[in-house]
Protein chains: 2
Amino acid sequence: MSTRETIIQLGDQLIRSKGFNAFSFYDISEKMKIKNASVHYHFPTKTDLGISILEAHRQKLHSLIESTSTKGPVDKLNSFLLIYTTIKSEGHVCLVGSLATDLNTVDLKIANELKTFADEILNWVTTILDEGKTSGVFSFQCSPRTKALMVITNMLAALQLSRLTNEEDFYTIRNEVIKGLKD
Amino acid sequence: MSTRETIIQLGDQLIRSKGFNAFSFYDISEKMKIKNASVHYHFPTKTDLGISILEAHRQKLHSLIESTSTKGPVDKLNSFLLIYTTIKSEGHVCLVGSLATDLNTVDLKIANELKTFADEILNWVTTILDEGKTSGVFSFQCSPRTKALMVITNMLAALQLSRLTNEEDFYTIRNEVIKGLKD
DNA sequence: GTCTATATTCCGATAGAC
DNA sequence: GTCTATCGGAATATAGAC
């Protein structure tokens with residue numbers, strides 16, 4: 001992996017473990033055994049790094065949407081839920097949740113990129129649920145978009161709340177989300 | 001209101017608008033037209049202030065639980081949901097969500113106080129849903145505690161996600177939470 | 001591309017006068 | 001209880017050598 005990619009990866013982990021305002025370029029340089037100034041060579045400002053981290057997440061999402069495009073709604077939803085299970089196994093929170101709580105402190109460019117990312121996630125899940133409802137593998141009363149909002153908020157906050165109440169609560173919520181698609 | 005109470009109130013708003021690591025004692029002193037050092041007189045460390053803010057929230061919760069104790073489950077649930085609607089009207093996120101994403105950066109005392117607060121919220125909502133299920137005004141398949149986890153995660157993340165997708169999505173989620181208690 | 005060195009700003013915290 | 005003044009540390013960022 002290139003230096004640039006490593007910085008993005010470490011920055012991503014730091015945002016999701018400590019928050020955007022709590023991590024520093026030194027945190028990254030220290031782990032890579034390079035100097036602070038070297039990180040600035042690749043990303044002049046912290047905002048530049050934030051944007052690149054968001055772009056990497058969007059790219060990864062686009063790849064996942066593409067690679068699961070021929071599968072059924074159940075498989076697609078499992079792919080979506082697996083994102084959160086992976087994050088939980090790392091003990092972190094998701095990028096959207098972490099940056100959403102810091103929204104008023106980040107550069108407008110980051111805020112806008114984050115909004116685009118959130119919209120893309122919402123649109124994907126809405127499409128999955130719509131397909132599933134049409135084909136009959138999912139059953140719910142409200143609109144696919146509203147159900148997508150419910151599913152996403154359950155998973156996003158499951159990562160945050162289960163840090164406080166009980167780690168197992170994440171899986172309790174995850175299982176109930178799945179059950180909630182068959183009523 | 002006393003100086004101490006004003007500091008707590010402003011600190012609370014700052015945590016929920018900018019996050020714990022992004023606000024400073026100067027932010028508070030500036031708005032109160034006093035000096036940085038005066039804030040430190042009331043709260044020697046930032047951790048001390050964080051603890052007091054959490055204690056104030058717990059106290060407020062206890063008062064709400066007490067004052068609604070004679071009401072029915074529907075009224076109690078509306079009181080719970082009103083907390084989030086009020087926060088939304090201010091454009092902020094909730095204290096639990098804000099501090100949960102910063103959990104790895106705060107003093108252990110704050111983390112423990114936050115966990116207690118989250119447990120108290122979960123226990124209250126669980127009790128409300130249990131009462132409602134027993135009396136028949138609420139209907140759901142899973143356990144009251146699991147349903148409480150679903151409701152809380154929906155509301156907590158609705159504040160965060162609706163900042164990004166659409167402000168109206170908060171109310172969409174809120175209404176769907178209510179509908180979800182009558183299936 | 002990475003380094004040393006440094007400029008600049010900001011923050012948490014404290015000492016001591018009033 | 002609030003003030004002035006300041007210390008010490010940390011973080012973002014840049015200049016210029018290698």
Side-chain angles (χ1 to χ4, degrees), chain A residues 1-54 56 98-99 101-111 113-114, chain B residues 1-54 56 98-99 101-111 113-114:
Chain A
M1 190 165 9
S2 72
T3 301
R4 182 188 161 85
E5 287 170 326
T6 304
I7 293 170
I8 289 175
Q9 194 190 57
L10 288 173
D12 171 43
Q13 287 177 9
L14 284 163
I15 289 179
R16 292 185 295 102
S17 63
K18 301 178 65 175
F20 187 78
N21 292 307
F23 90 90
S24 71
F25 275 33
Y26 176 74
D27 292 332
I28 293 173
S29 66
E30 184 191 23
K31 291 183 183 176
M32 295 179 70
K33 294 178 180 175
I34 60 177
K35 298 298 171 184
N36 176 20
S38 302
V39 180
H40 275 285
Y41 167 79
H42 295 279
F43 302 94
T45 70
K46 200 175 182 182
T47 294
D48 291 327
L49 176 56
I51 294 286
S52 292
I53 290 169
L54 273 163
S98 178
L99 289 175
T101 60
D102 295 337
L103 195 68
N104 295 332
T105 72
V106 298
D107 192 287
L108 199 58
K109 291 180 196 168
I110 291 182
E113 189 78 13
L114 177 62
Chain B
M1 193 167 6
S2 70
T3 301
R4 182 188 162 86
E5 287 169 326
T6 305
I7 294 171
I8 290 175
Q9 194 190 56
L10 288 173
D12 171 42
Q13 287 177 8
L14 284 162
I15 289 180
R16 291 184 294 103
S17 62
K18 301 178 64 174
F20 188 79
N21 293 307
F23 90 90
S24 71
F25 275 34
Y26 176 74
D27 293 331
I28 293 174
S29 67
E30 184 192 23
K31 292 184 184 178
M32 295 179 70
K33 294 177 179 175
I34 58 176
K35 299 297 171 182
N36 176 20
S38 302
V39 180
H40 275 284
Y41 167 79
H42 295 278
F43 302 95
T45 70
K46 200 175 183 181
T47 295
D48 291 327
L49 176 55
I51 294 287
S52 292
I53 290 169
L54 274 163
S98 178
L99 288 175
T101 59
D102 294 337
L103 195 69
N104 295 331
T105 72
V106 298
D107 191 287
L108 198 59
K109 291 179 197 171
I110 291 183
E113 190 77 13
L114 178 62

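Residue numbers begin at 1 in each chain, while the letters A, B, ... track the order of the sequences.
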*asked:* Whole angstroms only, please: what is the CG-P distance between A:Asn21 and D:dA10?
replied: 18 Å
_d(NE2, A:His42; C1', D:dT12) in whole Å_ = 17 Å
*Is there a side-chain contact between A:Val106 and A:Leu114, using heavy atoms and a 4.5 Å cut-off?*
no
*Going by atom types only, do B:Thr101 and A:Thr101 share a side-chain donor-acceptor pair under 3.5 Å?*
yes
*When the distance from NZ of B:Lys35 to P of C:dT14 is rounded to whole Å, what number comes out?*
20 Å
*Look at the side chain of B:Ser24 and decide which nucleotide, out of C:dC11, C:dA13, C:dA5, has an atom nearest to it.*
C:dC11
*asked:* Just the rounded figure in Å: distance from C1' of C:dG12 to CZ of B:Phe20.
replied: 11 Å
_Heavy atoms only, 4.0 Å cut-off, all strands: where does B:Phe25 land among base, sugar-phosphate and nothing?_
sugar-phosphate
*To the nearest Å, give me how far apart CG (A:Asp107) and P (D:dT12) are.*
14 Å
*Counting side-chain heavy atoms from C-beta on, which of D:dG1, D:dC3, D:dA13 comes nearest to B:Tyr41?*
D:dG1
*How long is the line joining OH of B:Tyr26 and P of C:dG12, in whole Å?*
13 Å
*Out of D:dA13, D:dC3, D:dG1, whichever nucleotide has its closest atom nearest the side chain of B:Ala37*: D:dC3
_Charged N-O contact under 4.0 Å between B:Lys18 and B:Asp27_ = yes
*asked:* Under 4.0 Å, heavy atoms only, any strand: does B:Phe43 hit a base, just the sugar-phosphate, or nothing?
replied: nothing
*Taking the side chain of B:His40 as heavy atoms from C-beta outward, which of C:dC3, D:dT2, C:dT14 is closest to it?*
C:dT14
*State which of C:dA15, D:dT2, C:dT2 makes the closest approach to the side chain of B:Ser38.*
D:dT2
_Atom pair distance, as rounded to whole Å: CD1 in B:Ile28 and P in C:dA13_ = 12 Å
*Consider only side-chain N and O atoms of B:Thr6 and B:Gln9, and report whether a donor and an acceptor are under 3.5 Å apart.*
no
*Could you check how far CD1 of B:Ile34 sits from P of C:dC18, rounded to whole Å?*
21 Å
*Describe the nucleic acid contact of B:Lys46 in one word from base, sugar-phosphate, nothing, applying a heavy-atom distance below 4.0 Å.*
sugar-phosphate
*Within the structure, does a side-chain N or O atom of A:Thr3 lie under 4.0 Å from either OP1 or OP2 of C:dT2?*
yes
*How far apart are the C-alpha atoms of B:Phe23 and B:Leu49, what are their side-chain angles, what is the distance that settles it, and do they pass the side chain to side chain contact (heavy atoms under 4.5 Å, CB included) test?*
CA-CA 12 Å; B:Phe23 90 90; B:Leu49 176 55; 4.2 Å; yes
